[in-house]
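Data block below; observations after.
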Amino acid sequence: MNIILMGPPGAGKGTQAELIKAIYPIPHISTGDMFRDAVSNGTELGKEAQKYMEAGKLVPDKVTIGIVEERLAQSDCAKGFLLDGFPRTTVQADALNQALLKLNKKVEVALNIAAPNEILIERLSGRVSCKECKKVYNLSYNPPAKTGVCDICAGEIIQRSDDRGETVAKRLEVYNEQTAPLLDYYSKKSVLHNLNGNRDSRVVFEDVVKILESL
Ligand code: ADP
Ligand code: ADP
Ligand code: ZN
């Protein structure tokens, strides 16, 4: 199954990806996670991406497309993939189309998760994660049992620097300007499914399963 997860920052893409992965064993490809790994490893890619991420802007298309193309060509994507946070521009969507065409594949379903801006802001300001195993928590909705410590691995709980202050507003603005137009692109291809993300994540996931089972 070839799935893309769309929606503004904080809509719950990563959360739904974790749930989907548990049922459908396909690789979860998150460009945000790939960039954050590159930043923490201090690679050239990380140095390039960091400037944009900290400003709440998109990393240039050429760089982003390159890493996704490379990843999709790996053998574990043969039975499907779950793209989270890519594509985010029409240039990226066209490049994805071309890359998949070469691999004799296509996007089968685009899941679009929506929620009101004030909810997104609240969720992002409460989002924290484990430094070690990367599990994502929310200080209001699903906090770790012991403050500052991961339930799963006892790792340190940290907050993403781009989930603080003004960067959140910038990311929402960038989403509306550059990414929201893509919904029309996938709607025209008849693969778009809209989900109300302003509900408990398990309830959202029930709808996700219904859509995936209907394919
Ligand atoms: P969120 O889940 O909050 O929407 P991500 O983890 O997907 O955020 O992305 C974090 C940052 O990484 C983005 O603000 C952007 O700077 C960069 N990034 C991630 N995916 C892309 C992409 N497809 N194109 C350009 N930049 C991206
Ligand atoms: P995205 O990947 O779209 O940026 P996340 O899945 O990381 O979003 O979710 C953003 C924050 O909101 C996280 O702290 C997460 O735990 C929380 N969250 C996700 N889905 C829900 C939901 N349906 N209800 C309440 N909180 C949620
Ligand atoms: Zn952990």
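Counting convention: from 1, in listed order, for ligands and their atoms alike. Side chains included, hydrogens not; waters and symmetry mates left out as well; all remaining heavy atoms used.
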Any chance the side chains of [X] and [Y] put a donor and an acceptor closer than 3.5 Å?
{"X": "Arg164", "Y": "Gln159", "value": "yes"}
{"X": "Thr167", "Y": "Asp162", "value": "no"}
{"X": "His193", "Y": "Asn112", "value": "no"}

Kindly identify the option in [options] whose heavy atom sits closest to [atom].
{"atom": "atom 27 (C) of ligand 1", "options": "Tyr52, Phe35, Phe86, Tyr175", "answer": "Phe35"}
{"atom": "atom 24 (N) of ligand 1", "options": "Arg127, Lys51, Gln92", "answer": "Gln92"}
{"atom": "atom 10 (C) of ligand 1", "options": "Arg171, Arg160, Gln178", "answer": "Arg160"}

Look at [atom] and say which protein heavy atom is nearest, naming residue and atom and giving the distance to 0.1 Å.
{"atom": "atom 12 (O) of ligand 1", "value": "Met53 CE, 3.6 Å"}
{"atom": "atom 7 (O) of ligand 1", "value": "Arg88 NH1, 3.0 Å"}
{"atom": "atom 2 (O) of ligand 2", "value": "Gly14 N, 2.9 Å"}
{"atom": "atom 11 (C) of ligand 2", "value": "Asn138 ND2, 3.7 Å"}
{"atom": "atom 18 (N) of ligand 2", "value": "Arg123 CD, 4.0 Å"}
{"atom": "atom 6 (O) of ligand 2", "value": "Thr15 OG1, 2.6 Å"}

Give yes or no for whether the N/O distance cutoff of 3.5 Å, strictly under, is met between [X] and ligand 1.
{"X": "Asp33", "answer": "no"}
{"X": "Val59", "answer": "yes"}
{"X": "Gly85", "answer": "yes"}

Atom 15 (C) of ligand 1: any protein heavy atom closer than 4.0 Å: yes
Checking side chain to side chain contact (heavy atoms under 4.5 Å, CB included) against Thr31, which of Val59, Val68, Leu58, Val63 comes through? Val68
Would one find an N or O of Asp84, backbone or side chain, under 3.5 Å from an N or O of ligand 2? no
When you measure from the heavy atoms of [X] to every atom of ligand 2, does any distance fall below 4.0 Å?
{"X": "Gly7", "answer": "no"}
{"X": "Gln16", "answer": "no"}
{"X": "Pro8", "answer": "yes"}

Vertex the Zn ion (ligand 3): angle to SG of Cys130 and SG of Cys150, to 10°? 110°
Vertex the Zn ion (ligand 3), ends Cys153/SG and Cys133/SG: angle to nearest 10° comes to 120°
For Lys134 and Asp37, the nearest pair of non-hydrogen atoms, with its separation, is CE-OD1, 4.1 Å
With heavy-atom distances below 4.0 Å as the criterion, list the atoms of ligand 1 near Thr64. 22 (C), 23 (N), 24 (N), 25 (C)
Using a strict 4.0 Å cut-off to heavy atoms of Thr31, name the atoms of ligand 1 that fall inside it. 19 (C), 20 (N), 21 (C), 23 (N)
Does Arg88 offer a backbone N or O that forms a donor-acceptor pair with the side chain of Thr179 under 3.5 Å? yes
Is a donor on one side and an acceptor on the other found under 3.5 Å between the side chain of Arg171 and the backbone of Gly56? no
Rounded to the nearest 0.5 angstrom, the CG-CD1 distance for Leu72 and Ile65 is 11.5 Å
Applying a heavy-atom cut-off of 4.0 Å, say which part of Lys57 lies close to ligand 1: side chain, backbone, both or neither. backbone
